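Everything on this sheet refers to the single structure shown next.
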Amino acid sequence: MKTKKLLIRIAAILVLIAIGAVMMVIGRGHTLYFDNTTAEYNGISYEAPYKIEVNVKGEQVAKLYERERGSSTWIGQNFNMELLVTPEKGGTESAYKVSLSLPYGVDGIIVNLPAVLNGLPQDAWFEEFIPAPVEEEDVEEVNTDEFTTDDFGGMEDPEAAIE
Amino acid sequence: MSEKKDMGKKALNLLRNNSVPLMFILICAVCIPLSGFSISYLFNEIVTRMGRNIFLILSLLIPIMAGMGLNFGMTLGAMAGEIAIILVADWQIWGIPGVVLAMILSIPVSVLLGLMCGKLMNMTRGREMITGYILNFFVGGGLYQLVVLYLMGTIIPIIHSSIRLPRGYGIRNTVGLANMRQCLDNQFSFTLFGAKIPLLTFIIIAAMCLFIIWFRKTKLGQDMRAVGQDMDVARDAGIKVERTRIISIILSTVFAGFGMIIYLQNIGNLPTYTAHSQIGMFCIAALLVGGASVERASIGNVFLGVVLFHLMFIVAPKAGAAITGDSMIGEYFRVFVSYAVITVALVMYETKKRRARGRAGELLARAQKEGGGNA
């Protein structure tokens, strides 16, 4: 009886760990930056088209002319988007469905769209986005005072400021 | 004649037992027209606040069932939820998976804190509420700050500078949860009478209500009720009283952790050092406003309490401004009422207990007298 109980408990813990692991994979968020700039790969340059519209989950997230950047967010490692490409001004628009495999450990990913459209490998279209370091003059003062000294004895509506 | 007297007694008892909710209904009935808010606005606000708060308040029901009173120690669970959500925010797990992962991560922390709280409450039997309240200061002002302010970034790795303090360790005053904001509330949500109904959140709340109803019927639930009614009788019946009480506190702490995560995903940011500080007070006040007492609380009390308490919170400043020309009066009023309702409930509980004790003593004295007379 005791062994059975122990086994059930271990199984429950394992199930929770498994769910947690799955959540870590399917819930990993990325910020994607789309560049419509000329790509260089193996000495060949791939010209940026006149205009690219980026649709993610049926919603337009960016409309990029040459040398422009747009962004979107995505949860998970398999990124899908639809690109509406206009090669030159007044040209006809063509649609491309693109699936990309995103690296797990990278928060911000720069995607070079002309490289993607030309079917180049990941090292051609991928670059890590590293935010510029922000100069912080003073150390942030941390307020850890539990005994709030406000007029309401700390009982002001905490939800009022949110809405 | 006696029937009329009985009816009067019954009405008086009903009034006495429901004096707090009745008082709040009266306050709301006066304040709503004075505030000038439209019904659809109030409905929207109440629905939002129900989704945000009910799970947290439901976590208070199990310790009441076990006779441990209002679990001020639920704040420990809230802290566990906060620690979990900081980690999840740093690992960049977004949306519903982030919420689920935070809930899973909060469990071991909540269990540990609940175990500590339960053991301490067993040592201070009869003084559980004040123990829980003071424990908040020890854990919230000591352990939690040690973990969040010094261990995170040094021993516990924190990668993102948006979360970490510029000095390299410790967590910032506010952690943004924009990528998690209302992910539960927006799932399957729909609009009714101009208000967004967070269907998934309500489904989770309904599941929790069903769990509580089911739990009451289980062996453990029955044991808790027996312990809540009389510990000595329960012990004589073979129930492990201490263990049952600890389990009730652990369950409450774990659910409080889940509730805090639901609360924070709705708000969309985490005030790292202050989010938990008043959460216990608010939840307990709301439960008492719903007509619960220290020894008796139901799911209905939770729902009624959230509606009445938050309705008062919404309308009081505007009503105060309309009556006195100064909105601060309304602010003071609602704070005063929040504290007052807890005080009134505790005083009523103590009075009832003393009256019952006095009556029992009287009965015993009478029985002894009669016994002596017969001898």
Side-chain angles (χ1 to χ4, degrees), chain A residues 9 12-31 57 72-77 102-109 130-163, chain B residues 45 48-49 52-53 88 91-102 104-105 107 136-137 140-141 144-145 148-149 159-162 165-167 170-173 179 263 266-269 271-275 277-279 281-282 285 310 313-314 316-317 328 331-332 334-336 338-339:
Chain A
R9 280 177 191 173
I13 292 168
L14 287 177
V15 166
L16 282 177
I17 292 171
I19 294 171
V22 171
M23 292 301 134
M24 281 195 80
V25 175
I26 65 167
R28 177 66 163 98
H30 303 276
T31 307
K57 287 182 182 167
S72 171
T73 54
W74 184 261
I75 298 177
Q77 270 60 251
L102 305 177
Y104 184 85
V106 184
D107 293 338
I109 297 165
I130 298 160
V134 184
E135 287 275 323
E136 284 176 273
E137 286 178 1
D138 292 316
V139 173
E140 185 180 336
E141 194 185 323
V142 177
N143 174 24
T144 58
D145 193 2
E146 293 259 358
F147 302 95
T148 44
T149 50
D150 60 84
D151 295 337
F152 310 122
M155 278 287 270
E156 78 274 28
D157 185 359
E159 297 161 28
I162 304 150
E163 283 125 63
Chain B
E45 281 287 307
T48 309
R49 285 164 185 251
R52 196 183 289 161
N53 291 290
V88 167
W91 297 342
Q92 296 281 298
I93 312 297
W94 296 356
I96 293 175
V99 170
V100 175
L101 183 63
I104 292 172
L105 285 175
I107 295 173
N136 290 341
F137 292 113
Y144 177 78
Q145 280 183 30
V148 173
L149 204 50
I159 307 158
H160 293 91
S161 56
S162 58
L165 282 166
R167 69 179 182 201
I171 303 298
R172 285 177 187 266
N173 273 327
N179 295 313
Y263 178 92
N266 177 280
I267 284 174
N269 71 63
T272 315
Y273 300 97
T274 52
S277 59
Q278 293 295 341
I279 209 83
M281 194 71 89
F282 276 103
H310 283 277
F313 253 63
I314 299 160
M328 296 306 274
E331 294 271 357
Y332 279 116
R334 65 185 187 184
V335 175
F336 159 75
S338 307
Y339 280 119

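We name chains A, B, ... by the order of the sequence lines, and we start the count at 1 in each one. All figures in this text were calculated on a predicted structure; none of them were measured in a lab.
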Open item on the list: Report which part of I107(B) has an atom under 4.5 Å of a heavy atom belonging to chain A: side chain, backbone, both, or neither.
Closed with: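 Side chain only.
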Open item on the list: Can you tell me which portion of L16(A) sits under 4.5 Å from chain B's heavy atoms? Options are side chain, backbone, both or neither.
Closed with: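 For L16(A), heavy atoms of backbone and side chain both lie under 4.5 Å from chain B.
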Task: For the student: nearest non-hydrogen atoms of I19(A) and V100(B), plus distance - done: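 Where I19(A) meets V100(B) most closely, the heavy atoms are CG2-CG1, 4.1 Å.
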Task: Considering all heavy atoms, the nearest Y104(A)-V25(A) contact - done: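 Heavy atoms of Y104(A) and V25(A) come nearest at CE1-CA, 4.1 Å.
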Task: Student check: side-chain heavy atoms of H30(A) and Q92(B) closer than 4.5 Å - done: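 No, every pair of side-chain atoms sits at 4.5 Å or beyond.
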Open item on the list: Checking the side chain of T31(A) only, and the main-chain atoms of G108(A) only, is there a donor and an acceptor separated by less than 3.5 Å?
Closed with: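 Between the backbone of G108(A) and the side chain of T31(A) there is no qualifying donor-acceptor contact (under 3.5 Å).
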Task: Which of V88(B), I104(B), I93(B) touches chain A most, by non-hydrogen pairs under 4.5 Å - done: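 Of V88(B), I104(B), I93(B), I93(B) has the most heavy-atom pairs under 4.5 Å with chain A.
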